[in-house]
2 protein chains.
Amino acid sequence: MDKRTHIINTALNTFYQKGIHSVGINEILKLANVAKKTLYNHFVSKEELVCACLELRDQRFNEWLRNQIADCTTPQQVASALFSAIASWIDNKAPELGDFNGCFFINTAAEFPQSDHPIAMLCKAHKESVLQLLFDKLSHTEQLKGQLEKTIQLAQLLMTLKEGMICQARVTHSSNTLLQDPVLLRQLIASSL
Amino acid sequence: MDKRTHIINTALNTFYQKGIHSVGINEILKLANVAKKTLYNHFVSKEELVCACLELRDQRFNEWLRNQIADCTTPQQVASALFSAIASWIDNKAPELGDFNGCFFINTAAEFPQSDHPIAMLCKAHKESVLQLLFDKLSHTEQLKGQLEKTIQLAQLLMTLKEGMICQARVTHSSNTLLQDPVLLRQLIASSL
DNA sequence: ACATAAGTAGACCGACTTGTCTACGCTGCA
DNA sequence: TGCAGCGTAGACAAGTCGGTCTACTTATGT
């Protein structure tokens, strides 16, 4: 396999499970069975490696989410698919995303509080791209066609609920089945239509 | 002032703004104008100091939140007060909680991923105590008296929305006014009654 | 066949980390 | 008066970090 992508894969897994500051370059080298020179041949610094990990994660997560909501044609279906997808991820039934350890971007942003830091900016960019993804999907439904304002509102609401689910699960180490209740879901959607 | 609490105050402010791993003991010593021996006279290690910070923060945050929802007598009022309180915190209008930098407990938990670590357990405990606080308040309202199951559900939902608001604001550096819309709020509550 | 590139193993550097220890100053109490 | 006890200032130990560098090996392409 390509050395570069192999390094990024190993680093992403390790960073996601243990955080950035807690993982040294040497640990990644051992896990990847790669010499230090090889790593610094592909990346000028640890920071650049972290950025590559964030980009890969962004790509993978968005693709996964896009697939999860691919077949939805109504806002209700989008919301239902979204929340059950997140729930299955929390329950470690989404192997593409690795063992659940919260949102990699929120975790990483917590370690780099300066908002102008390149790493923090990538975390922000990810959240914007996910919001865009939800917005696009919702805006193609019959119920929301042409209703820009309401579509934005609903996408925002879904994002907030998604983040809440993930963060709660991360800290409490248990998944919240609340948002899979179809009755509650219908009410939630109704409030934005 | 008592040296010990002065150290904890300084440490809490600094850790909250910059994260735990990014802040060395020496930085705290300088900011607090305190000798190293004094610090290690009160705390056996950095970890113990971090724990003291978490406990102080838990105390302050819960007291603040309790005050914010003190006068509420209906679930709608609780939800409304909760979300506008969080929004004002995000907009740096809650001086008791310091300059907004997300949830200290979620940020800290992200830096200590091992769930059995004392620090991670304090973070989890905080979330449970906040949930309990909301549950207690809701269970004293006329509308939810005796309805244990529905009360738990609504408290959970409010928690999820609260976490979502905070995490989103942390990463995107902007507050989301969506949850202050009374219409949406009424629908939300209605789904749990 | 041989040059060039890319790999390995790991010593090494300087900066930084937590935590200990020495030497000394101030204050309050018997 | 004298002696604990708590404080300051900061050197120091022991270890980790990111990153560089040397010396050597392997693979590839003309």
Peer 1: Less than 4.5 Å apart, any side-chain heavy atom of A:D2 and any of A:H6?
Peer 2: no

Peer 1: To the nearest 0.5 Å, how far apart are CD1 in B:I28 and CG in B:N9?
Peer 2: 12.0 Å

Peer 1: Would you classify B:H42 as touching base, sugar-phosphate or nothing, given that sugar-phosphate means primed atoms plus P, OP1 and OP2, and contacts are heavy atoms under 4.0 Å?
Peer 2: sugar-phosphate

Peer 1: Looking at every heavy atom in both A:W64 and A:A94, which two are closest together, and how far apart are they?
Peer 2: NE1-CB, 3.9 Å

Peer 1: Let me know the distance between NE2 of A:H6 and P of C:dG7, rounded to the nearest Å.
Peer 2: 13 Å

Peer 1: Hey, would you say the A:F112 and A:H21 ring centroids sit under 6.0 Å apart?
Peer 2: yes

Peer 1: Any chance you could measure A:L158, atom CG, to A:F135, atom CZ, to the nearest 0.5 Å?
Peer 2: 12.5 Å

Peer 1: What distance separates B:E149 CD from B:L154 CG, expressed to the nearest 0.5 Å?
Peer 2: 12.5 Å

Peer 1: Side chain of B:E111, backbone of B:I20: donor and acceptor closer than 3.5 Å?
Peer 2: yes

Peer 1: Protein-nucleotides 9-12 of chain C N/O pairs closer than 3.5 Å?
Peer 2:
none

Peer 1: What heavy-atom pair brings B:V23 and B:G19 nearest, and what distance separates the two atoms?
Peer 2: CG2-O, 3.3 Å

Peer 1: Using a 4.0 Å cut-off to any heavy atom of chain A, which nucleotides of DNA chain D are the first and last in contact, reading 5' to 3'?
Peer 2: D:dG18 to D:dT22

Peer 1: Please say whether the positively charged group of A:R57, taken as NZ for Lys or CZ for Arg, lies over the ring of A:Y16, i.e. under 6.0 angstrom from the six-membered ring centre and within 45 degrees of the axis.
Peer 2: yes

Peer 1: For C:dT8, does either OP1 or OP2 sit under 4.0 Å from a side-chain N or O belonging to A:T38?
Peer 2: yes

Peer 1: If you count every heavy atom of other residues, nucleotides or ligands that lies below 6.0 Å from B:E48 atom CD, does the total exceed 12?
Peer 2: yes

Peer 1: Look at atom CD of A:Q59 and say whether more than 12 heavy atoms of other residues, nucleotides or ligands are closer to it than 6.0 Å.
Peer 2: no

Peer 1: Could you state the atom-to-atom distance from CD of B:E27 to P of C:dT17 in whole Å?
Peer 2: 8 Å

Peer 1: How close or far is atom P of C:dT17 from atom CD1 of B:I20, stated in whole angstroms?
Peer 2: 15 Å

Peer 1: Side-chain N or O of A:N41 less than 4.0 angstrom from OP1 or OP2 on C:dG7?
Peer 2: yes

Peer 1: Tell me which residues in residues 9-16 of chain A put a heavy atom below 4.0 Å from DNA chain D, sorted by number, or none.
Peer 2: none

Peer 1: Heavy atoms only, 4.0 Å cut-off, all strands: where does B:V23 land among base, sugar-phosphate and nothing?
Peer 2: sugar-phosphate

Peer 1: Specify the separation, in whole Å, of atom NE2 of B:H21 and atom C1' of C:dT18.
Peer 2: 13 Å

